[in-house]
Amino acid sequence: MSVNKTMLGLGSKRSVIREIFEYSKIRANEIGKNNVYDFSLGNPSVAPPKEIEETIKNLLNTANPTLLHGYTSAQGDLSVRKTIAESINTRFKLNLTENNIYMTCGAAASLSICLKALMNEGDECIVFAPFFTEYRVFIENAGGKVVISKPLEPSFQIDIEDFESKITPKTSAIIINSPNNPSGVVYSEETVKRVCEILRKKSLEYGKDIYIIADEPYRELVYGDVFVPYFMNYYENTVVCYSYSKALSLPGERIGYIAVNPQMKENVNVYLAICGAGRSLGYVCAPSLFQQVVKNCIDAKVDVNVYKENRDILLNNLTAYGYECVKPDGAFYLFVKALEEDAYAFCEKAKKHEILVVPCDDFGVKGYVRISYCVDKKRIENSLPAFKALAEEYGK
Ligand code: PLP
C-alpha cells in the first residue's frame, strides 16, 4: 500500500464528536428526532443576521460576476482586507493595513496556515487544556510537537506556573482560545498579562521570538459585561485567527481571516510566510462571494441572547440536580464534571437516557464532558428530566 499512513489513520478514525453525532442520527431514526437529546456538535443554532441574506441577494443582483465568483488575489480581495483592517483598528485602537490581513476558509485553515508559517520541523507548540482537539492534527501536520499546559481547577484559567515550566528553547508558538471550546471560559486580563510577561521573558532568555496564535472564532459570543482581551494589545508577536463560522453563524461558508500584528518586528516576513504557507497548503483565494458579504456586513452580529438563555436554563437546572458545572462566560459549551471518574463510562450511562454529550479526554482534561447548547431551546427543556434521572442514578 502506498498511501500516507498518517493521513490514512486520520481519515479512517472519526473524532469522538463525529462518532456521537453519527450515532444520534441512527438513534433519531429509531425513536424520533425529538426524543434524542443530542448536544454533541458546535453547529450554531441561531440564524445568521438578516443583513447577510439581504446582502447576498443585493450582491447577486448588482455586482459584477467576476467580483463574486472569480479568483481574488491569493491573500484575498484588497478592499475586503482594507475594510477588515479598519474595523480591527476602530475596535482595538491598532494600526493594521490590508497587508496585515490574509483571508481564509475559517479558523481551521487559519490555524493550519499560521502553524506552517511559524514553526520548523521539531518545534514545540503549547496548547492550554482543555483545547480544541484538532489542534493536535494541525500542529503535527506542520511538523511540530504538541505540549500541553494544564489548567487551574475549578476556574479553568491558565495555570501560569505550569505554563512557564512548559516553555523550552524549542517553543515557537502557543495557541490560546478564548472564549474557550470546550470550557466556555474567557481568560481574564490578569491571566493574559501574565502569559505575555512570561513569553517576553522567555523570548529574551532564549534569544528567539515566541508567537501567540490567538484562535478567536468565539470572540463575539460572550454573555453580559465580560471583557475579552485582544492579544495584539498585550503582545507584539501575535497573529489572530478569526472566523465568521460562529460569529455570524456561517460555518458552511468557510470564511475567516488571519491578522498579523503590525507592531511585530518581523511582521513583513511573518505575513510573507503566511502567504507561502497558504500557497503550500492550497488555501488561496477564500470564497469570493463571502469575502464580499463579510465586507458589506462588517458590523453585523448574531443575537447572543438566544445562547445566553440556553446557558442559563442548563446551568441553573444542572447545578440544582447536583452536577458541577464551569460557568461559561462565552462560546456555547457547558463543561460539566462527569459523575464518575471515567467520562466515557458516564457518557454511556447518559446515552441510556438518550442524552448525547462528549467526553473531554481528547480535549486534554479527564473526567469532564462537554454539552453544546447551540441547539433549540425546546431540546434543552425536554432533556431536563433525563438529566435529573441520570443524576439520581448516581445518588444525587
Ligand atoms: N477553533 C475552535 C476553538 C473551534 O471550536 C473551531 C470549530 O468548532 C475551529 C477553530 C474551526 O472553526 P472554523 O469552522 O472557522 O474552521
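Positions are given from 1 along the sequence. Note that ligands are numbered from 1 as they come in the structure, with each ligand's atoms numbered from 1 the same way. These values consider heavy atoms only, across backbone and side chains, with no hydrogens, waters or symmetry-generated copies.
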*Co-members of the apolar cluster containing Ile17 [side chain, <4.5 Å]*: Val16, Ile20, Phe21, Tyr23, Ile31, Val36, Leu41, Tyr344, Leu356, Val358, Phe363
*asked:* So, using salt bridge (charged side-chain N to carboxylate O under 4.0 Å, His left out) as the criterion, who are the partners of Arg200 when residues are at least two apart?
replied: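 Listed in chain order: Glu236.
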*Is the centre of the Phe132 ring less than 6.0 Å from the centre of the Tyr135 ring?*
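Close enough - the centres of the two rings lie under 6.0 Å apart.
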*Asp312 with Lys308: basic N within carboxylate O range, under 4.0 Å*: yes
*What residues sit with at least one heavy atom under 4.0 Å from ligand 1?*
Gly106, Ala107, Ala108, Phe132, Tyr135, Asn177, Asn181, Asp215, Pro217, Tyr218, Ser243, Ser245, Lys246, Arg254
*Who are the ring pair (Phe, Tyr, Trp, His ring centres under 6.0 Å) partners of Phe346, not counting sequence neighbours?*
Tyr394
*asked:* Against Tyr333, only a single residue in Tyr373, Tyr307, Tyr218 fulfils ring-ring contact (aromatic ring centres under 6.0 Å, His included); can you say which?
replied: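 Going through Tyr373, Tyr307, Tyr218 one by one, the ring-ring contact (aromatic ring centres under 6.0 Å, His included) with Tyr333 is satisfied by Tyr218 alone.
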